[in-house]
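The structure under discussion appears below in the form of structure tokens.
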Amino acid sequence: MTFENKNNLPERLLQPYSPSATESVIYKIWEDSGFFNPDICVEKGITKPDAKPFTIMMPPPNVTGVLHMGHALMVTLEDIMIRFKRMQGYKTLWLPGTDHAAIATQSKVEGEIKKKEGLSRHDLGREELLRRVNEFAQNSHDTIVSQVKVLGASCDWSREAFTMDEKRNLAVRTMFKKMYDDGLIYRGHRIVNWDPKGQTTISDDEIVYEERKSVLYTFKYSKDFPISISTTRPETKVGDVAVAVHPDDTRYQHYVGQTFEIADFCGVPLTIKIIADDSVEKDFGTGALGVTPAHSMIDWTIADRHNLPRPQVINEYAKMTVGDERILNKKTTEAREVVVAWLRDQGLLDGEQETNQNIATAERTGGIVEPLPKLQWFIDVNKEIPDRGKTLKQIMREPVEQGSIKILPDYFNKTYFHWIDNLKDWCISRQIWYGHRIPVWYKGEEIYCGTEAPTDAGWAQDEDTLDTWFSSGLWTFSTLGWPEKTNDLEIYHPTDVLETGYEILFFWVARMILMTGYALETVPFKTIYLHGTVRDGQGRKMSKSLGNGIDPLDIAQKFGSDAGRMALVVGTAPGTDSKIDENKIKAYSKFANKIWNATRFVLDNVADLNMNEPIEFDTEDQTSHDELTSLIKEITIEMEEYKFYIVSEKLYHYFWHTFADVIIERSKKKISDPASSSDKTSAQWLIYTQLITLMKLLHPFMPFVTEEVWSMIPQQSETSGKKLLIIESWPI
RNA sequence: GCGCUCUUAGCUCAGUUGGUAGAGCAACUCAUUUACACUGAGAAGGUCGGGGGUUCAAGUCCCUCAGGGCGCACCA
């Protein structure tokens, strides 16, 4: 025995528990041990060489700043899974990384430069802007890594990856070429979502709809025109080529097929054909739709069906490109007023009606999205893949449908299928500079796609970069060395769990399934654990503008990361939002202290226990021992079912209200005033063995305090050697 | 409009294939030179959103209504 009386207890154990003094020291010990790295665990004989692998790829946080509580929840849940599996003897890999987050990062840096120096990206030029962005990204990266460490993440830093480092860039180029060669990537002149503020295209999923009041104007193009139409955007009407009505609409049927010439619509001559199309709703407005092919998604498809021309009247800066001095080069909003005034003046305006409109804005810049026809790169989700007999859509759908990928909670299956059913071709080119450059080169009419630039002279590379989700889509395997055939890829892929927020199910999760199914003909992961949003005590989203955010670093400083982790996990079922405030965290910092105090009691009271004697319990202690054994069985199953919200609560409850309140209390009399000597040793064995078991069970949840306590518990057998708790075996 | 989800104690939430309602926090009463500066014991608190149905049995399954939250599409 190491301790013979209270004076022999470690000095720090005589004080209340201090997480801030403990946690950084413990993390350093883990890092130095190398046990985050599965190869080292095998080398040192901790993990069997033929052990089953268990892999999680950390969703790479954007290098746009610092981590918030959502990240803290992600790190906590994944660390719980990884520590649990490591203790169970799996060859456990948790691979960390960061995401360049193309548009998000560039717009952030651009914004800062504009604010501080009044310069735009065009003032700086491509090279200088990229230098600035990279510098910012590096700083963000360093902050993020240190935050992840503070949270206690037992991830393998030796394998850390970045979505835009050399290896990942090769993976991106390789994938692009493969898809290009298979005809799945094409370049087309199509209507896209244009963000005039960010000066780039964005995907459908990057649009956020905001409800605003707006005016629905009803008018005729000219006095002679027979049909009134309604619009909230009169200025776009200078680009109209048709009026569409429903085929069954008796009011207008007799006009279908006729063409009208309008000599002057606010300075622009129009040719309007009356057409019938099913997409028109009879009951909306006048039941007649002015068709503006170049500036409306739905009108573009109508123009497709009716073979209409598509004159562009708005440019990339949301300014008018036609008309006379009244509207030419004016912003759309100014031109709107001009056109409305003109209509009123001409007596063409039939009515104005206030209406709610969902206006499309760009998620990252807040700019109002302008549909524009542009030449862009797309991924065709409906084309059959050569020799595979299926489309990318099917590749995304099948594994979830057939159960080779399980989503937790399962009701997200429906959301997922619904999204796939509505999915259109994915526009992957972006007119920003920070990102993976499209591996396509042009020379006159010639196009070349390859992983490397063509060697002969005269080729110019496409100026555009790729949507950030293109590279994140490769994350589970690009991190393991693909396209090289590496050992890591062989061992650790498919990964086991993808743990992430439900808000990026479509952005990211679906795209990983697409990319992996296409390139590797397998799934990227077997289980998707979706966590909800972490909200403040009143249920509001944490945001900068509300100032209600909680910084995980502050929590670690004030209460300890263990307490923060417990507060995040207890009662937080997958898929549901959770509320967190300081009171909840404080409750679990008390718990850490409770563990600490109980440890002091146990170590102080087992000092004279002869550890070489066999363990013997009396009847009541045996019952307590058996109860813990059945608790272990129960929670092991629940851990495997990802019910961490239940396990954490059960352990908290057992430790405090059974181990401390019942077992330790009972042991006091049996140790200080025993009826017999066997009474005393039974009580001593019970508190000693239960403390050991409970530290193991609690370790995935509260790794720091349990590891620290572990370091102070004398070992039963000195020959087995003292191991770190992180690599101890999960109790059975 | 299409779809998902929630409504259980004052608050936050569990409740696994149907089998007599559970935790944490808060509040209440009492104890306390105690391993505990962050303590213990006890009691209290719910006709499980409303209505209907299936069943021997419904918080749980079905229908319906009401109110929150969310996703998608559209709003010309």
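In what follows, every chain begins at residue 1, and chains take the letters A, B, ... in the order their sequences are listed.
Here A/I298 lies in heavy-atom contact (under 4.0 Å) with sugar-phosphate atoms only. Contacts of A/E641 with the nucleic acid, taken as non-hydrogen atoms under 4.0 Å apart, are absent. As judged by a 4.0 angstrom heavy-atom cut-off over every strand, A/S296 is placed among residues making no nucleic acid contact. The residue A/K643 sits close to a base: some heavy atom pair falls under 4.0 Å. Residue-level contact check: A/N422 touches the backbone only, with heavy atoms under 4.0 Å from sugar-phosphate atoms and none from bases. At a threshold of 4.0 angstrom between heavy atoms, the contacts of A/I664 include nucleobase atoms, whether or not backbone atoms are also involved. Nucleic acid contact for A/K237: sugar-phosphate only, since backbone atoms but no base atoms lie under 4.0 Å from a heavy atom of the residue. Here A/K579 lies in heavy-atom contact (under 4.0 Å) with sugar-phosphate atoms only. Heavy atoms of A/A244 sit nowhere under 4.0 angstrom from any nucleic acid atom. Looking at heavy-atom distances under 4.0 Å, A/V280 makes contact with a base. A/Y652 comes within 4.0 angstrom of sugar-phosphate atoms only, judged by non-hydrogen atoms across all strands, and of no base. Across all strands shown, A/G285 has no heavy atoms under 4.0 Å from either base or sugar-phosphate atoms. If you check every strand for non-hydrogen atoms under 4.0 Å, A/E281 touches a base. Across all strands, A/F412 comes closer than 4.0 Å to no nucleic acid atom at all (heavy-atom distances).
Residues satisfying the salt bridge (charged side-chain N to carboxylate O under 4.0 Å, His left out) criterion with A/D240, sequence neighbours excluded, are A/K237.
Side-chain nitrogen and oxygen atoms of A/N593 include at least one within less than 4.0 Å of the OP1 or OP2 phosphate oxygen of B/A37. Taking side-chain N and O atoms only, A/K668 has a distance below 4.0 Å to OP1 or OP2 of B/A35. Applying the 4.0 Å criterion to OP1 and OP2 of B/G24, one finds that A/H657 has a side-chain N or O inside that range. A close approach under 4.0 Å does not occur between any side-chain nitrogen or oxygen of A/Y209 and OP1 or OP2 of B/G71. Of the side-chain N and O atoms in A/H653, one or more sit less than 4.0 angstrom from OP1 or OP2 of B/G24. Distances shown here put a side-chain N or O of A/Y645 below 4.0 Å from the OP1 or OP2 atom of B/G15. Between A/T232 and the phosphate of B/A76, there is a side-chain N or O to OP1/OP2 separation shorter than 4.0 Å. For the OP1/OP2 pair of B/G40 and a distance below 4.0 Å, the side-chain nitrogens and oxygens of A/K594 include at least one atom meeting the criterion.
Of all nucleotides listed (B/A23, B/A35, B/C25), B/A35 comes nearest to the side chain of A/E665. Closest approach to the A/W656 side chain among B/G71, B/U39, B/G24 is made by B/U39 (side chain taken as heavy atoms from C-beta onward). Taking the side chain of A/D661 as heavy atoms from C-beta on, and the options B/A41, B/U16, B/C25, the nearest nucleotide is B/A41. Distance from the side chain of A/L289 is smallest for B/A76 among the nucleotides B/A76, B/U39, B/C4. Picking from B/U12, B/C4, B/A35 the nucleotide with the shortest atom distance to the side chain of A/T415 gives B/C4. Considering only side-chain atoms of A/T231, the nucleotide from B/G15, B/A76, B/G71 that sits closest is B/A76. Closest contact between the side chain of A/A598 and the listed nucleotides B/A35, B/U39, B/A76 involves B/A35. When distances run from any side-chain atom of A/Y588 to the nucleotides B/A14, B/G24, B/A23, the shortest one goes to B/G24. The nucleotide whose nearest atom lies closest to any side-chain atom of A/A660 is, among B/A35, B/C38, B/C25, B/A35.
B/G50 sits 15 Å from B/G59 when the C1' atoms are compared, rounded to a whole Å. On the P atoms, B/C63 is 22 Å away from B/G68, given to the nearest whole Å. As rounded to the nearest Å, B/A43 and B/U29 have P atoms that lie 16 Å from one another. With C1' as the reference atom, B/C62 and B/U54 are 7 Å apart, rounded to whole Å. For the P atoms, the distance from B/A73 to B/A26 is 44 Å, rounded to whole Å. B/G49 and B/C56 have their C1' atoms separated by 28 Å, given to the nearest Å. The gap from the C1' atom of B/A9 to that of B/A14 amounts to 13 Å, rounded to the nearest Å.
The aromatic rings of A/Y652 and A/W656 are tilted relative to each other, their planes meeting at an angle between 30° and 60°.
Take the nearest nucleotide of RNA chain B for A/T576 and for A/Y502: the residue whose nucleotide is more 5' is A/T576. Take the nearest nucleotide of RNA chain B for A/N597 and for A/K414: the residue whose nucleotide is more 5' is A/K414.
One atom, CG of A/L423, and another, C1' of B/G3, lie 17 Å apart when rounded to the nearest Å.
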Verify salt bridge (Lys or Arg N to Asp or Glu O under 4.0 Å) between A/E638 and A/K643, making sure each step is shown before the conclusion.
CA-CA 5 Å; A/E638 284 162 346; A/K643 293 179 179 168; 5.9 Å; no

Given salt bridge (Lys or Arg N to Asp or Glu O under 4.0 Å), test A/R305 with A/D278 step by step and report yes or no.
CA-CA 11 Å; A/R305 287 195 284 275; A/D278 285 332; over 6 Å; no

Salt bridge (Lys or Arg N to Asp or Glu O under 4.0 Å) between A/E401 and A/R397: does it pass, once the steps are laid out?
CA-CA 6 Å; A/E401 219 162 39; A/R397 186 180 252 282; 2.6 Å; yes

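Taken from CG in A/N597 to CD1 in A/I595, the straight-line distance is 10.5 Å, to the nearest 0.5 Å. Separating the CE atom in A/M297 from the CG atom in A/D204 is a distance of 6.5 Å, to the nearest 0.5 Å. Between atom CG of residue A/L348 and atom NZ of residue A/K220 there is a gap of 9.0 Å, rounded to the nearest 0.5 Å.
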For RNA chain B, what string of dots and brackets results from 5' to 3' when Watson-Crick and G-U pairs need both distances under 3.5 Å, crossing pairs get [ ], and pairs with another strand get |?
(((((((..((((.....[..))))..((((.......))))......(((((..]....))))))))))))....

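Listed for the A/S296 side chain is no donor-acceptor partner under 3.5 Å among the backbone atoms of A/T292.
Aromatic ring centres of A/F655 and A/F591: separated by under 6.0 Å.
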